[in-house]
Amino acid sequence: MTDIDSLSGALQALSVSTELIEEELKLPLETLLAALLEKKKDAAVEIASSGVLPSLAQVLRSSSPLSCQVALLVAEMAREAAVREPCIEAGLVTVLLPHLSSTDQEMLLNTGRAIGRICFDNSFQQDQLVQSGVIPRLVSIIRQYPENDPLVNVCLLALCNLADMDSAREALAEQGMAEVLTFQLKRAPDAERRHVILEILGALGESDTLKLQFAESGVPEALSEMIRSLQGGSDPHDLCSIKIASNLIVSLLLGDESMQKCFGEGSGVVYQDVLSWLQSSNTQLQLSGALAIANFARNDSNCVKMLDLGVVPHILTLLEQHVDEGDVSVQHAGLSALRNLAIPATNKVRMLEDGVTERIKSLLRSDMPPVQFKLLGTLRMMVDGHEEAALVLGRDAVLLTRVMEWCEAKDHAGVRGESSRLLAALIRHSRSAEVVHAVAKADGVRHLISMATSEHVIMQNEALVSLAIASAIDIESMKEAFRDSELLTMLKEMLEDPVGAIEVKFSALGLICSLANSSVMKEELHSVNMKESLSKLAEHSNSKLASQAISILASLGDSS
């Protein structure tokens with residue numbers, strides 16, 4: 001490090017001289033560079049602390065023939081975190097920036113590395129870079145020299161470090177980055193380059209505008225093609241690329257327009273590839289495939305088309321593979337896909353005819369709460385508005401036994417809630433004496449009564465409506481559970497609750513009306529003085545609620 005003093009002296013002279021004495025600087029610069037390139041201990045820190053940094057800035061500012069060498073020196077110094085702040089304080093970032101407009105590719109490379117390393121992990125400096133217009137310049141360099149791999153790497157790394165910033169995303173959106181990144185992804189020579197590009201795409205793909213821009217520029221197809229080329233191998237880097245790329249495709253499908261473009265009425269390359277993922281031995285691709293199908297199934301026309309194209313058997317086969325000690329995430333995603341596919345009424349009928357309810361019941365053995373929760377929600381969607389499906393499931397003793405167990409799930413409120421909601425749905429949508437009798441026999445009525453006291457209004461209503469329907473169909477099956485749970489007292493409290501939801505009071509009145517049609521229950525309504533609660537409600541400010549209360553009062557009065 002003996003040359004530091006002579007170098008410093010020579011460079012300091014630049015501040016008072018307009019002439020650059022290149023010969024005096026060249027050798028010391030080479031010596032310092034050699035020390036840095038040979039990784040000599042503390043070389044970077046010694047150079048930074050020698051006071052030479054402002055003079056290096058002066059060389060860069062003067063656009064000397066030595067600028068390229070100085071930029072390389074700064075880039076090598078900035079590998080060390082300790083010298084980055086001194087470099088900023090010496091104004092090196094400011095004087096380096098204009099050199100990103102150089103036509104010399106080596107100068108561009110050294111400058112890019114120097115700026116990237118100095119500003120690494122420094123959000124303030126990175127924001128300053130974006131404000132100074134560095135994004136268009138970096139993109140322009142990649143466009144100008146797409147085959148210069150070291151230079152492209154430096155620019156991509158810089159963009160990757162900046163892409164998490166909102167201001168950078170806006171600037172990148174204006175640059176039409178999708179085409180640039182797609183081209184580079186297709187020619188990426190190694191996993192490192194792939195990962196950098198995928199990270200940039202991931203950061204940018206959070207915007208719906210950019211999702212569509214990506215879809216129109218063929219980004220999903222390029223990702224899909226990359227996955228196809230890497231499938232079947234065991235290299236950890238390739239498997240990592242597959243994971244990132246497949247997750248990114250799933251994310252891009254969250255945009256409605258980009259999703260429809262990828263679907264292509266069921267003939268899109270991306271959709272076809274997603275189908276093949278469901279049949280892959282790669283668990284990550286199975287998961288992404290199921291999530292992608294769930295995203296494609298966000299509108300009815302897609303759901304109907306996918307059923308036509310035979311997607312359901314693939315999902316069921318996938319689910320069956322993971323029942324015993326399988327992957328919980330895959331099961332969860334597969335059930336999400338089935339649930340979405342079952343939303344259109346026509347699909348419910350077809351899925352029932354195709355034996356979906358029978359095959360899906362194999363998952364009842366699962367002891368994983370997230371899978372149980374999703375399975376219950378999927379079965380509930382299957383019976384929603386579909387009498388025949390509700391009848392088939394509501395008479396299934398094995399299913400009801402398992403649902404009763406889940407109604408008692410002490411450690412998972414979600415599973416408890418979904419179990420009760422399924423019981424209510426089976427009664428509401430089947431309106432069948434057989435189902436009511438089966439639910440009562442399985443001891444399900446007490447769970448519906450408990451659900452009627454839920455803190456969630458929608459669950460209270462579902463429970464009260466199902467109990468009203470069940471009472472109208474088969475009061476004999478219900479009355480014992482009603483007495484044991486003191487249902488009438490609970491209904492009385494609901495009517496008198498000053499802050500109770502109007503819709504809950506309506507549903508409670510519906511159940512009371514159903515009970516009032518039974519001679520046995522009518523007597524019990526009198527015994528708890530239900531007429532008193534109804535009389536108060538008859539003066540309610542909601543005219544429909546008051547009218548309903550008056551009507552039931554008249555019904556109860558007939559028997560007194």
Side-chain angles (χ1 to χ4, degrees), residues 300 303-304 307 312-313 315-316 319 335 338-365 372-407 415 417-449 451-452 458-459 461-482 507 510-511 514 517-518:
D300 286 4
C303 289
V304 172
L307 236 68
V312 171
I315 297 172
L316 290 171
L319 286 169
L335 287 167
L338 277 185
R339 182 192 178 283
N340 287 2
L341 288 166
I343 291 173
T346 54
N347 277 13
K348 287 182 174 66
V349 177
R350 290 179 57 188
M351 289 169 80
L352 185 67
E353 289 170 351
D354 292 342
V356 170
T357 48
E358 280 305 311
R359 287 186 68 182
I360 203 177
K361 282 191 300 185
S362 68
L363 291 174
L364 290 171
R365 328 197 274 276
Q372 296 164 355
F373 178 80
K374 205 64 171 180
L375 173 62
L376 289 162
T378 303
L379 290 171
R380 188 161 57 81
M381 183 53 66
M382 287 288 295
V383 304
D384 186 30
H386 189 4
E387 181 183 340
E388 190 180 349
L391 197 57
V392 169
L393 292 175
R395 293 181 302 197
D396 190 306
V398 175
L399 170 66
L400 289 176
T401 300
R402 191 64 165 134
V403 170
M404 295 310 145
E405 290 175 19
W406 290 342
C407 281
V415 171
E418 277 298 314
S419 300
S420 301
R421 292 189 77 187
L422 178 58
L423 288 180
L426 293 172
I427 291 171
R428 282 168 43 233
H429 296 294
S430 70
R431 295 179 178 265
S432 157
E434 286 182 86
V435 173
V436 171
H437 183 70
V439 170
K441 185 180 177 183
D443 197 22
V445 178
R446 67 186 176 92
H447 296 302
L448 291 173
I449 294 169
M451 176 181 165
I458 189 168
M459 288 179 67
N461 279 333
E462 288 173 5
L464 291 166
V465 170
S466 69
L467 289 169
I469 293 168
S471 301
I473 291 172
D474 186 0
I475 189 64
E476 287 301 317
S477 294
M478 313 293 288
K479 61 184 183 184
E480 188 177 342
F482 286 175
S507 298
L511 175 52
S514 180
N517 290 325
S518 157

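Side-chain contact between Met404 and Leu423 is present, with heavy atoms from C-beta onward closer than 4.5 Å. The side-chain heavy atoms of Lys374 and Leu363, taken from C-beta on, include no pair separated by under 4.5 Å. Residues Gln372 and Arg402 meet the side-chain proximity criterion, which asks for heavy atoms closer than 4.5 Å. In this structure, the side chains of Asp354 and Val312 stay at 4.5 Å or more apart for every pair of heavy atoms. Residues Leu511 and Ser471 form a side-chain contact, since some pair of their non-hydrogen atoms from C-beta on lies under 4.5 Å apart. Contact annotation: the side chain of Leu426 approaches that of Leu400 to within less than 4.5 Å [non-hydrogen atoms, C-beta and beyond]. Here the side chains of Lys361 and Val398 are not in contact, with every heavy-atom distance at 4.5 Å or above. Inter-residue side-chain proximity for Leu379 and Leu399 is flagged as met; some heavy-atom pair is nearer than 4.5 Å.
Interatomic distance, Asn340 CG to Thr378 OG1, rounded to the nearest 0.5 Å: 8.5 Å. How far CZ of Phe373 is from CG of Leu335: 11.5 Å, rounded to the nearest 0.5 Å. For the atom pair OG of Ser362 and CG of Leu316, the computed distance is 8.0 Å after rounding to the nearest 0.5 Å. For the atom pair CD1 (Ile360) and CZ (Arg339), the distance works out to 11.5 Å, reported to the nearest 0.5 Å. To the nearest 0.5 Å, atoms CZ (Arg380) and CZ (Arg428) are separated by 8.5 Å. To the nearest 0.5 Å, atoms CD1 (Ile315) and CG (Leu338) are separated by 5.0 Å.
The two residues Ser419 and Cys407 make their nearest non-hydrogen contact at CB-SG, 3.4 Å. When all heavy atoms of Ile343 and Lys348 are compared, the pair lying nearest together is O-NZ, 2.9 Å. Scanning both residues, Ser430 and Leu391, for their nearest heavy atoms gives CB-N, 4.0 Å. Pro344 approaches Cys303 most closely through the heavy-atom pair CG-CB, 3.6 Å. Annotation for Val445 and Phe482: closest pair CG1-CE2, 3.9 Å, computed over non-hydrogen atoms. Residues Leu448 and Ala424 share a closest heavy-atom pair of CD2-N, 3.6 Å.
In this structure Ala472 satisfies the side chain to side chain contact (heavy atoms under 4.5 Å, CB included) test together with Ser514, sequence neighbours excluded. Checked against side-chain hydrogen bond (donor to acceptor under 3.5 Å, both in side chains), Glu462 has the following partners two or more places apart in sequence or in another chain: Arg421.
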What pairs of donor and acceptor atoms, side-chain ones from residues 431-438 against any protein atom, are under 3.5 angstrom apart with sequence neighbours left out?
from	atom 1	to	atom 2	distance (Å)
Ser432	OG	Glu434	N	3.1
Ser432	OG	Val435	N	3.3
Glu434	OE2	Arg395	NH1	3.3

Residues Leu307, Thr346; criterion side chain to side chain contact (heavy atoms under 4.5 Å, CB included); working and verdict
CA-CA 10 Å; Leu307 236 68; Thr346 54; over 6 Å; no
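Counting heavy atoms of neighbouring residues, nucleotides and ligands inside a 6.0 Å radius, atom CD of Glu405 exceeds 12 of them.
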